[in-house]
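Remarks on the structure that follows.
Both backbone and side-chain heavy atoms feed into the values below; hydrogens, waters and symmetry mates do not. This is a predicted model, so every value here is computed, not measured.
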Amino acid sequence: DLAHTSLPPSRAFWFGTDAMGRDIFSMIWYGGRISLFTGFAAAAVSTLAGIVFGAGSGFAPRWADALLMRLTEILLSIPGLLLILLLQGTLGKPNVVSLSLVIGATGWTGIAKVVRTEVLRLRESGFVAAAQCMGGGFFHILRRHLAPNLLPSILFMVVMNVRSAILTESTLSFLGLGLPLEVISWGSMLSLAETALLSGAWWM
């Protein structure tokens with residue numbers, strides 16, 4: 001609404017309007033859907049990858065376990081933002097789904113290390129040995145016996161991954177490297193408001 005651009009908060013526009021005349025209060029609610037979807041989708045990807053990788057490492061022979069853990073530590077040593085930019089660059093122009101996958105694909109290492117520690121403790125348990133004797137495969141044992149015991153240990157990390165994914169998406173969008181500006185998210189709103197203080201539009 002170009003007739004109502006850069007208006008301060010009022011009874012008509014609770015949080016004011018931006019330079020294009022869009023209601024900021026509505027944008028926060030609308031953009032929250034994108035940011036929350038990114039957070040939960042990325043957390044789901046990282047949790048699944050971390051559980052499978054960590055459990056596989058815990059069940060593997062000692063040499064394979066050591067190799068997988070060294071790979072995890074190498075990935076942990078690379079700055080997450082740099083790794084996300086590298087992966088997203090290979091996928092092309094970012095969208096909500098690809099950005100969620102990339103953030104999730106780089107955030108599983110911490111969960112994997114915790115899961116491996118728990119699996120090393122649980123794999124000697126009687127119920128795991130009984131499942132192996134009855135011919136249970138890796139994924140059967142993981143789904144039926146290990147996952148219920150792993151969830152309490154990693155639940156806090158899953159919640160923190162949601163928070164980290166939302167912050168990462170916001171950071172990338174703020175830097176102009178994330179979602180396109182036409183896709184409203186909390187990060188793109190921050191990017192649009194970057195020069196607002198200089199123009200006196202403090203509410204943006």
Side-chain angles (χ1 to χ4, degrees), residues 1-51 75-76 78-111 151-152 154-204:
D1 182 3
L2 297 179
H4 298 91
T5 58
S6 300
L7 293 180
S10 63
R11 296 179 70 178
F13 307 104
W14 289 3
F15 287 2
T17 62
D18 68 358
M20 297 174 65
R22 296 179 296 186
D23 180 46
I24 295 175
F25 183 75
S26 302
M27 290 171 68
I28 287 174
W29 285 98
Y30 186 84
R33 299 188 308 173
I34 302 296
S35 295
L36 289 172
F37 172 83
T38 302
F40 282 103
V45 171
S46 63
T47 302
L48 182 63
I51 288 175
L75 290 174
L76 274 170
I78 302 173
L81 213 56
L82 189 64
L83 199 56
I84 289 169
L85 290 174
L86 179 66
L87 289 175
Q88 187 59 67
T90 62
L91 293 176
K93 187 177 180 181
N95 56 54
V96 177
V97 175
S98 70
L99 197 60
S100 301
L101 289 174
V102 167
I103 293 173
T106 57
W108 55 267
T109 48
I111 292 178
L151 285 178
I154 65 171
L155 199 55
F156 175 74
M157 297 188 72
V158 171
V159 174
M160 294 302 288
N161 273 9
V162 175
R163 178 196 71 93
S164 299
I166 292 174
L167 283 173
T168 302
E169 181 275 319
S170 298
T171 302
L172 290 170
S173 296
F174 176 71
L175 294 172
L177 302 170
L179 297 173
L181 287 179
E182 62 266 19
V183 178
I184 299 299
S185 71
W186 290 337
S188 63
M189 288 180 69
L190 284 173
S191 183
L192 289 170
E194 187 178 4
T195 58
L197 280 175
L198 297 176
S199 62
W202 54 267
W203 58 91
M204 288 178 59

- Task: Output all residues satisfying side-chain contact (heavy atoms from CB on, under 4.5 Å) with Ser170, sequence neighbours left out; order by chain, then residue number.
- Result: Ile166, Trp186

- Applying side chain to side chain donor-acceptor pair (under 3.5 Å) to Thr38 and not counting sequence neighbours gives none

- To the nearest 0.5 angstrom, please state how far the CE atom of Met20 sits from the CG atom of Asp1. 11.5 Å

Let me have the donor-acceptor pairs involving side chains of residues 96-104, under 3.5 Å, with sequence neighbours excluded, atom names and distances please.
unit_1, atom_1, unit_2, atom_2, d
Ser98, OG, Gln88, NE2, 3.4
Ser98, OG, Asn95, N, 3.0
Ser98, OG, Asn95, O, 3.3
Ser98, OG, Asn95, OD1, 3.3
Ser100, OG, Val96, O, 2.7

- Pick out which of Leu75, Ile51, Asn161 makes a side chain to side chain contact (heavy atoms under 4.5 Å, CB included) with Trp108. Leu75

- Query: How many angstroms lie between OG in Ser46 and CE in Met157, if you round to the nearest 0.5 Å?
  - Reply: 9.0 Å

- Message: Holding to salt bridge (charged side-chain N to carboxylate O under 4.0 Å, His left out), I want the full list of residues that pass it with Asp18, two or more places apart in sequence or in another chain.
- Response: Arg22

- Message: Once rounded to the nearest 0.5 Å, what's the spacing between atom CD1 of Ile84 and atom OG1 of Thr106?
- Response: 4.0 Å

- Pairing residues for Ser164 by the side-chain contact (heavy atoms from CB on, under 4.5 Å) criterion, not counting sequence neighbours: none

- Calculate, to the nearest 0.5 Å, the distance between atoms CG and CG belonging to Leu81 and Leu172 respectively. 5.0 Å

- Identify the heavy atoms of Ser185 and Ile34 that sit nearest to each other, and give their distance. CB-CG2, 4.0 Å

- Identify, with sequence neighbours excluded, every residue that meets side-chain contact (heavy atoms from CB on, under 4.5 Å) alongside Leu167. Arg163

- When rounded to the nearest 0.5 angstrom, what is the spacing between CD1 in Ile111 and CE in Met160? 11.5 Å

- Query: Who pairs with Arg33 by side-chain contact (heavy atoms from CB on, under 4.5 Å), at least two apart in sequence or on another chain?
  - Reply: Tyr30

- Applying side chain to side chain donor-acceptor pair (under 3.5 Å) to Ser6 and not counting sequence neighbours gives none

- Compare all side-chain heavy atoms of Ile78 with those of Leu86 and state whether any distance is below 4.5 angstrom. no

Could you pull out every donor-acceptor pair under 3.5 Å between side chains of residues 7-14 and any protein atom, sequence neighbours left out?
unit_1, atom_1, unit_2, atom_2, d
Ser10, OG, Ala12, N, 3.4
Ser10, OG, Phe13, N, 3.2
Trp14, NE1, Arg11, O, 3.4

- If you round to the nearest 0.5 Å, how far is CD1 of Ile184 from OG of Ser26? 11.0 Å

- Message: Taking Gly32's backbone N and O only, do any of them form a donor-acceptor pair with Ser35's side chain (distance below 3.5 Å, no angle check)?
- Response: no

